[in-house]
Amino acid sequence: MNNIKLIELISHGDNRGSLIALEKEHNVPFDIKRVYYIYDTKRGVPRGFHAHEDLEQMLICVSGSCKIKVDNGKEQEVYELNTPEQALYIGKMIWREMYDFSQGCVLMVIASQYYNPKEYIRDYNKFIEIVNGGG
Ligand code: TYD
């Protein structure tokens with residue numbers, strides 16, 4: 001799907017353990033303005049259900065696993081994130097839903113813009129209208 005990419009991250013491991021670095025331009029394809037993480041997630045409780053007109057994100061499940069459903073208004077795909085060595089890049093105008101969080105899951109999100117609740121598209125019908133050139 002356009003605007004969605006699974007990125008393999010290079011892990012620097014040695015006998016002490018592993019380390020992954022995220023750097024603008026090297027493995028993060030945008031200017032990093034914000035990082036947040038979702039943790040202490042409750043079993044069976046989904047999150048997300050929104051899209052953004054002008055926000056790019058990278059999602060990394062640094063611990064545990066979860067599923068991400070992405071939808072560009074025409075097609076839908078589901079990704080399972082279950083390793084800190086992969087990131088899911090989500091570009092602009094993608095509806096996303098996160099669910100099936102494992103116990104202890106920590107989902108880290110790197111974003112290209114500061115938090116702005118006003119730019120959220122939280123109504124799926126409105127999202128469809130915008131991707132089809134209306135709205
Ligand atoms: P919410 O958008 O509901 O989370 P999700 O995308 O997982 O469904 O955000 C949960 C709360 O956190 C809500 O009160 C807004 C706040 N929040 C911030 O203050 N800053 C942020 O960067 C984000 C993403 C959320």
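In each ligand, atom 1 is the first atom listed, and ligand 1 is the first ligand listed.
Listed by first then second residue, pairs satisfying side chain to side chain donor-acceptor pair (under 3.5 Å) with a partner in residues 96-107 read Q57-R96, K67-D100, W95-E97, not counting sequence neighbours.
Side-chain contact between E56 and K92: present, with at least one pair of heavy atoms (C-beta onward) separated by less than 4.5 Å. Inter-residue side-chain proximity for L88 and I4 is flagged as met; some heavy-atom pair is nearer than 4.5 Å.
When each of T41, V109, L107 is paired with M98, the side chain to side chain contact (heavy atoms under 4.5 Å, CB included) condition holds for L107 and for no other.
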Show the distances, to 0.1 Å, for all pairs joining an N/O atom of ligand 1 and a protein N/O atom that are shorter than 3.5 Å, listing one pair per line.
{"residue": "ligand 1", "atom": "2 (O)", "partner": "R122", "partner atom": "NH2", "Å": "3.1"}
{"residue": "ligand 1", "atom": "4 (O)", "partner": "R47", "partner atom": "NH2", "Å": "3.3"}
{"residue": "ligand 1", "atom": "7 (O)", "partner": "R47", "partner atom": "NE", "Å": "2.7"}
{"residue": "ligand 1", "atom": "7 (O)", "partner": "R47", "partner atom": "NH2", "Å": "3.2"}
{"residue": "ligand 1", "atom": "8 (O)", "partner": "G48", "partner atom": "N", "Å": "2.9"}
{"residue": "ligand 1", "atom": "22 (O)", "partner": "R34", "partner atom": "NH1", "Å": "2.4"}

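The environment of Y36 atom OH is dense: over 12 non-hydrogen atoms of other residues, nucleotides or ligands sit within 6.0 angstrom.
Using a 3.5 Å distance cut-off with no hydrogens or angles, the side chains of Y124 and D71 do pair a donor with an acceptor.
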